[in-house]
Amino acid sequence: MRSDEIKKGWHRAPHRSLLRACGLTDADFDKPFIGVANSFIEIIPGHFFLNKYAEIVKDEIRKNGCVPFEFNTIGVDDGIAMGHDGMLYSLPSREIIANSVETVMNAHKLDALICIPNCDKITPGMVMGALRVNVPTIFVTGGPMRAGHLPDGTPIDLATVFEGVGKFEKGQIDEEKLYQLECLACPGGGSCSGMFTANSMNTLIEAMGIALKGNGTIPALTPEREELLRKAARRICEIAKDEKLTEEYRIKNIINKKAIHNAFVVDMAMGGSTNTVLHVTAIAKEAGVDFELKELNEIAKHTAHIAKISPSLQTIHMEDINRAGGISAVIKEISKRSDTILYLDNPVIEGGTLADRIKDAEVKDYTVIHPVENPYSEVGGLAILYGNLAKEGCVIKTAGIMGSKKFRGPAVCFNSQQEAIEGITSGKVKEGDVVVIRYEGPKGGPGMQEMLAPTSLIVGMGLGDKVALITDGRFSGATRGLSIGHVSPEAAEGGMIGLLKDGDIIEIDVDNFSINVELSEEEIEKRKKEFKPIKKDVPGKWLRQYRMLVTNAANGAILKAD
């Protein structure tokens with residue numbers, strides 16, 4: 001066992017002495033040591049109960065002949081950090097989490113790992129850290145929150161509240177109605193109930209095979225979720241106690257090129273958050289998988305969009321997908337389309353292949369998961385656009401587009417999210433405009449803020465199908481509208497988005513995967529020679545360190561290591 005390095009032989013007597021101080025006995029030194037990476041934190045609704053989840057996991061690990069060691073990572077709630085400089089820390093927190101998992105697991109030579117994340121950057125951060133360690137790893141997340149409901153039964157969620165702020169700004173609802181939304185939208189623990197970033201990632205790790213069946217959709221704080229926790233603990237012990245299985249189920253043997261491809265197929269079928277592109281790209285790099293952004297457009301062409309979930313369809317939430325058959329039913333349904341490529345022979349952590357997992361799956365409600373012959377769209381819910389405005393690419397959630405997929409209009413430029421919020425609320429943005437928010441990329445922010453506040457204001461003010469928005473920052477999974485993010489190169493590194501001026505005509509054609517500004521090459525070269533990027537003051541040392549090391553969104557915003 002890997003842990004023998006800290007517990008076997010006469011020269012490890014001091015190490016065993018310290019372990020005895022933690023409560024271990026002679027019998028424990030012959031058992032596998034299992035890391036339990038817990039992201040319990042009391043300020044995130046998807047995480048405040050994870051301390052109880054960890055106790056369940058550790059109890060089951062002990063019952064199955066292994067020794068659990070719980071450790072914690074940090075977490076940032078994107079919703080609470082949204083709209084102020086706290087959001088600068090959200091994406092950088094992913095790197096701290098990855099480094100924490102790598103540090104604890106390698107410093108103590110633990111044999112296997114269970115990760116208990118749930119929200120925002122925490123799930124991908126743990127995946128990245130686990131890949132660096134490359135031991136058998138099972139993810140079991142906290143589970144999705146149930147949708148809130150108005151007194152008349154109308155389902156609502158966090159996106160409803162953000163958009164309610166825009167409606168309040170425009171005078172369409174009063175303060176009492178906004179307060180009602182605030183109080184009813186998030187009824188209890190769990191990751192926010194729509195196909196936002198948290199649930200998108202928790203769905204994709206199930207599709208990749210490192211989480212058990214049901215992980216993406218079984219609601220939080222239910223008996224079914226508790227059984228999933230216990231099942232994960234039993235399985236990790238089964239693997240850790242068998243040398244052959246330990247080698248077979250190293251996480252890099254599961255997260256390979258096929259797994260990355262499968263994840264994006266499911267992402268396209270369900271219209272996941274644009275943040276999945278950022279995170280799965282980073283995961284692919286940690287796994288040593290060669291994956292280019294342009295491959296996403298090919299996947300999209302051959303994948304039907306069969307499940308529309310809030311914010312794209314505000315009456316459907318993760319609990320509805322669970323009731324309709326879960327992620328396995330989605331995979332089973334999309335596999336029926338002859339030109340869709342799914343690698344059903346790829347292994348899954350419970351044993352067998354993805355084909356084995358979905359063998360008995362079925363769609364139980366075709367109003368929630370559409371039949372593949374009657375999809376919402378013949379193509380997937382995400383697209384990568386290229387052009388002189390984004391030579392390395394940018395991303396749009398096509399599932400969330402409210403109007404036309406073609407747009408042409410004058411740029412209205414803002415050099416920060418706050419500037420944009422002030423400009424939108426003051427009426428600077430008119431019908432037909434292209435809102436440009438720059439210096440919010442990984443390096444320029446620094447930290448790549450999510451733009452849920454400005455996009456929600458636009459939708460709430462009735463402009464969702466009348467304006468476009470482009471940014472080198474990113475969006476919450478709750479964003480909808482013609483919103484294009486991750487523009488690369490970003491403004492801070494001299495990208496075209498930084499050279500734009502008010503009134504420049506921008507043309508967007510989603511069906512042809514293109515985004516361009518109508519400027520001559522001579523004018524672009526002239527602006528490049530005159531350009532000096534803005535370098536913002538930032539509030540903390542960690543963000544200054546992050547700015548020095550981070551790559552752009554096209555590269556997953558990973559940190560340079562060499």
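Positions are given from 1 along the sequence.
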Closest non-hydrogen atom pair, [X] against [Y]:
| X | Y | value |
| --- | --- | --- |
| L313 | Y376 | CD2-OH, 3.6 Å |
| F407 | V467 | CZ-CA, 3.6 Å |
| V277 | V395 | CG2-CG2, 3.7 Å |
| V510 | A383 | CG1-CB, 4.4 Å |

With heavy-atom distances below 4.5 Å as the criterion, would you say the side chains of [X] and [Y] are in contact?
| X | Y | answer |
| --- | --- | --- |
| M128 | K285 | no |
| I283 | I260 | yes |
| T123 | T141 | yes |
| R94 | H279 | yes |
| T471 | M448 | no |
| V429 | I458 | no |
| S193 | P144 | no |
| I384 | C394 | no |

State whether a side-chain donor-acceptor pair under 3.5 Å links [X] with [Y].
| X | Y | answer |
| --- | --- | --- |
| N202 | N215 | no |
| D267 | T276 | yes |
| R474 | S483 | no |
| N106 | R2 | yes |

Is [Y] paired with [X] through a side-chain N to carboxylate O contact shorter than 4.0 Å?
| X | Y | result |
| --- | --- | --- |
| R132 | E286 | yes |
| E450 | K121 | yes |
| K258 | D345 | yes |
| K257 | E295 | yes |
| R438 | E419 | no |
| R527 | E523 | yes |

Would a distance-only check, ignoring hydrogens and angles, find a side-chain to backbone donor-acceptor pair under 3.5 Å from [X] to [Y]?
| X | Y | value |
| --- | --- | --- |
| H84 | G86 | yes |
| N262 | Y343 | yes |
| N118 | G190 | no |
| S93 | S90 | yes |
| S100 | I96 | yes |
| Y386 | K294 | yes |
| T398 | G380 | yes |

(request) Could you point out which residue of N256, T353, N253 forms a side-chain hydrogen bond (donor to acceptor under 3.5 Å, both in side chains) with N346? (result)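 With N346 as partner, N256, T353, N253 yield a single side-chain hydrogen bond (donor to acceptor under 3.5 Å, both in side chains), made by N256.
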
(message) I need the single residue from N199, T197, D120 that forms a side-chain hydrogen bond (donor to acceptor under 3.5 Å, both in side chains) with S191. Which is it?
(response) N199

(message) Heavy-atom count check: over 12 atoms from other residues, nucleotides or ligands less than 6.0 Å from H302 NE2?
(response) yes

(message) Are there over 12 heavy-atom neighbours, none belonging to I43, within less than 6.0 Å of that residue's CD1?
(response)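 For I43, atom CD1 is not crowded (no more than 12 foreign heavy atoms under 6.0 Å).
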
At what distance, to the nearest 0.5 angstrom, does [atom1] of [X] lie from [atom2] of [Y]?
| X | Y | atom1 | atom2 | answer |
| --- | --- | --- | --- | --- |
| S273 | M201 | OG | CE | 9.5 Å |
| Q449 | Y89 | CD | OH | 11.5 Å |
| L278 | L91 | CG | CG | 5.5 Å |

Only distances under 3.5 Å count here; give the side-chain donor-acceptor pairs of residues 531-548 to other protein atoms, sequence neighbours excluded, each with its distance to 0.1 Å.
unit_1 : atom_1 : unit_2 : atom_2 : d
K536   : NZ     : Y439   : O      : 2.6
K536   : NZ     : E440   : OE2    : 3.4
R547   : NH1    : K536   : O      : 2.9

(message) Can you list everything that forms a side chain to side chain donor-acceptor pair (under 3.5 Å) with H305? Sequence neighbours excluded, please.
(response) none

(request) List the steps and the verdict of side chain to side chain contact (heavy atoms under 4.5 Å, CB included) for T137 and Y249. (result) CA-CA 8 Å; T137 304; Y249 287 101; over 6 Å; no

(request) Quick one: do D472 and H486 satisfy side chain to side chain donor-acceptor pair (under 3.5 Å)? Show the steps, please. (result) CA-CA 5 Å; D472 52 10; H486 305 195; over 6 Å; no

(request) List the steps and the verdict of side chain to side chain contact (heavy atoms under 4.5 Å, CB included) for V280 and F264. (result) CA-CA 8 Å; V280 178; F264 276 127; 3.5 Å; yes

(message) Apply side chain to side chain contact (heavy atoms under 4.5 Å, CB included) to residues V435 and I470 and explain how you reach the verdict.
(response) CA-CA 6 Å; V435 179; I470 67 170; over 6 Å; no

(message) Between K213 and E206, is the salt bridge (Lys or Arg N to Asp or Glu O under 4.0 Å) condition met? List the steps.
(response) CA-CA 6 Å; K213 181 178 179 178; E206 180 178 338; over 6 Å; no

(request) For side chain to side chain contact (heavy atoms under 4.5 Å, CB included), just list the numbers for E493 and E490, CA-CA rounded to whole Å, side-chain angles, deciding distance to a tenth of an Å, and then say yes or no. (result) CA-CA 6 Å; E493 59 179 341; E490 61 174 293; 3.7 Å; yes

(request) Could you walk me through whether D509 and S514 pass the side chain to side chain donor-acceptor pair (under 3.5 Å) test, one step at a time? (result) CA-CA 5 Å; D509 187 340; S514 68; 4.7 Å; no

